[in-house]
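Quick note on labels: first sequence line is chain A, next is B, and so on, each numbered from 1. Just so you know, these numbers come straight off a predicted model, no measurement behind them.
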2 protein chains.
Amino acid sequence: MTSVDPAAPPSGPATLPLSEAKARIIDAAAALFAEHGVGGTSLQMIADAIGVTKAAVYHQFKTKDEIVIAAAQAELDRLTAAIEAAEAIMYADGGAGRAREVLVTRIVALAVERRRMESTLTGDPVLVRYFASHAPFRAIMERLYRILAGEDGGPEARTRAAMLTAAIGGAVMHPLVADLDDDVLRAHLLHLARRFLDLPE
Amino acid sequence: MTSVDPAAPPSGPATLPLSEAKARIIDAAAALFAEHGVGGTSLQMIADAIGVTKAAVYHQFKTKDEIVIAAAQAELDRLTAAIEAAEAIMYADGGAGRAREVLVTRIVALAVERRRMESTLTGDPVLVRYFASHAPFRAIMERLYRILAGEDGGPEARTRAAMLTAAIGGAVMHPLVADLDDDVLRAHLLHLARRFLDLPE
DNA sequence: GTCTATACGCGGATAGAC
DNA sequence: GTCTATCCGCGTATAGAC
C-alpha cells in the first residue's frame with residue numbers, strides 16, 4: 001500500500017559525547033532549569049553550582065542558549081529513539097497501526113517520566129524558537145508526524161497529530177493531574193491517547 | 001440530577017478599567033510580547049514604543065511582571081466569559097452535555113483567534129508561575145474543569161480535561177497546522193475536541 | 001584544555017526633581 | 001505623570017595564567 005521511502009530509514013546515533021567540563025555544566029544547568037526555569041537561571045548560578053567562575057562556563061559554551069540547547073538535546077535523543085523504534089516496525093511490516101501504538105506508548109512514558117522537566121522543555125521561548133527554526137529538530141518532528149498522521153497529510157490528520165502531541169506534553173504538567181501518581185497518570189493518558197487515535201483497546 | 005450549588009453562580013464583571021497611561025503601556029506591551037516574546041521585550045522597548053522613558057513606565061507598573069500580568073488579564077477575561085456562558089446553561093437546565101458543548105466551542109474559537117499570541121500566554125514562565133500560584137486564576141480554572149470533568153473529579157475525568165485544554169491550546173500554535181486557515185483549523189479542532197469528549201456530532 | 005581576572009553594556013529597579 | 005540620575009546584577013566578551 002504505502003510505497004517504500006526513497007531514502008533508507010535514518011538511524012542517526014544520537015549525539016557525540018561531551019567533554020568532562022561540558023558534561024558537568026549541562027548536568028548542573030539541567031537541574032537548575034528544572035527548578036528555576038531557563039529564564040530564572042543565570043550563568044552565575046550554574047557556575048556557582050559547580051564551583052567555577054562565569055568565565056569558565058562561558059569558555060565551554062559561547063552563549064547561554066548553547067547550554068540550554070545542549071541540555072535539551074539529551075531529551076530530544078530519547079524522543080528520537082522512540083521514533084526510530086516505531087519506524088522500524090513500520091518499515092518492517094507491523095503496519096501503521098502497530099507503529100502508532102508503540103510510538104504513543106513510548107511518548108506517554110517519556111512525558112510522564114519527565115513531567116517535572118516538561119514545562120522547561122516545551123515552555124521556554126528560547127527552546128521554542130530554536131527548535132522551530134533548526135532543521136534537525138524539524139526533521140525529527142517530521143518523522144514523528146508521519147507516523148501519527150500517516151501518508152495522508154490532510155488537515156484533519158495533521159490537526160489530530162498536533163492535538164495529540166500537545167495533549168500529552170501539556171497534560172503531564174497540568175495542575176489538574178498534579179496529585180496523580182505517575183502510574184495512574186500514565187495509564188489514563190495512554191488509554192485516552194489510544195482512544196483519540198482510534199487504536200484498538 | 002446534579003444538585004444546585006450552595007453558592008449562587010458567580011458573575012464577576014471582569015476587571016476594572018485602566019488609566020490612560022496604563023492602557024497605552026499594556027497595548028504597546030501586548031504587541032511587543034506577541035512579536036518578541038515576553039523575555040525578548042525590555043522595558044526600554046516598551047517605553048520607546050510609546051515615546052517615554054523607562055522610569056515613566058515604572059511609575060505605572062512597579063515591576064515588569066505586573067505589565068505581563070495586566071496584558072494577560074484581558075485574555076483571561078475572555079475565557080471567563082466563555083465559562084460563565086457555559087455555567088449559565090448548566091445552572092439553568094441545559095445539562096452538562098450542552099454546557100460542555102458551548103464551552104468547548106468557545107474555547108476553540110478563542111484559541112484559534114489568538115493563535116499568534118497563544119504561545120506568549122501559555123508558554124511564558126512568568127505567566128505560568130503567576131497563574132499557577134494566584135488564587136483568582138485557579139478559581140477560574142476550577143470552574144472550567146468542573147464543567148469539563150463534571151462532578152466526577154476522578155483521575156480519568158481530570159486527565160481528560162487536562163489533555164483537552166492542553167490539546168486545544170497547544171495545537172493552534174503547532175507548526176504542523178501553521179499553514180491551515182483559521183476556519184479550517186477551527187472546524188477540525190472543534191470536531192476532534194467534541195469527539196474526545198464523547199459529545200454527539 | 002581549563003580556568004581567573006576584568007571589563008562593557010543592557011535590563012530591571014529606585015529616588016527624587018519638575 | 002514624566003523626567004534625570006543612579007544602582008546593581010546578568011549576559012557577553014577578551015586576555016592571559018596554569
Visitor: When you check every protein heavy atom under 4.0 Å of nucleotides 11-18 of chain C, what one-letter string (B, S, -) results, 5' to 3'?
Guide: SBBBB---
Visitor: Is any side-chain N or O of A:Arg24 closer than 4.0 Å to OP1 or OP2 of C:dT2?
Guide: no
Visitor: Name all residues meeting the salt bridge (Lys or Arg N to Asp or Glu O under 4.0 Å) criterion together with B:Arg116; count only those two or more places apart in sequence or in a different chain, and write none if there are none.
Guide: none
Visitor: In whole Å, I'd like the distance from the CD atom of B:Glu20 to the P atom of D:dT2.
Guide: 10 Å
Visitor: Is it the case that the side chain of B:Arg194 and the backbone of B:Pro200 share a donor-acceptor pair, with hydrogens and angles ignored and the cut-off at 3.5 Å?
Guide: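 Yes.
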Visitor: Who pairs with B:Glu156 by salt bridge (Lys or Arg N to Asp or Glu O under 4.0 Å), at least two apart in sequence or on another chain?
Guide: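 Salt bridge (Lys or Arg N to Asp or Glu O under 4.0 Å) list for B:Glu156, sorted by chain: B:Arg160.
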Visitor: Using the C1' atoms of five pairs at each end, what's the angle between the two axes of the helix from C:dG1-D:dC18 to C:dC18-D:dG1, to 10 degrees?
Guide: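 About 10° separates the two local helix axes.
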Visitor: More than 12 non-hydrogen atoms from neighbouring residues, nucleotides or ligands closer than 6.0 Å to CZ on B:Arg195, yes or no?
Guide: yes
Visitor: Just wondering, more than 12 heavy atoms not from A:Gln44 lying within 6.0 Å of its CD?
Guide: yes
Visitor: Taking all non-hydrogen atoms of both residues into account, name the closest pair between A:Leu180 and B:Thr159 and its distance.
Guide: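 Scanning both residues, the minimum pair turns out to be CD1-OG1, 3.6 Å.
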Visitor: Which residues pass the ring pair (Phe, Tyr, Trp, His ring centres under 6.0 Å) test with B:His59, not counting sequence neighbours?
Guide: none
Visitor: What is the distance, to the nearest angstrom, from the CD1 atom on A:Ile67 to the C1' atom on D:dC10?
Guide: 13 Å
Visitor: List in chain and number order the residues that pass salt bridge (Lys or Arg N to Asp or Glu O under 4.0 Å) with A:Arg186, two or more places apart in sequence or in another chain; answer none if no residue qualifies.
Guide: A:Asp183
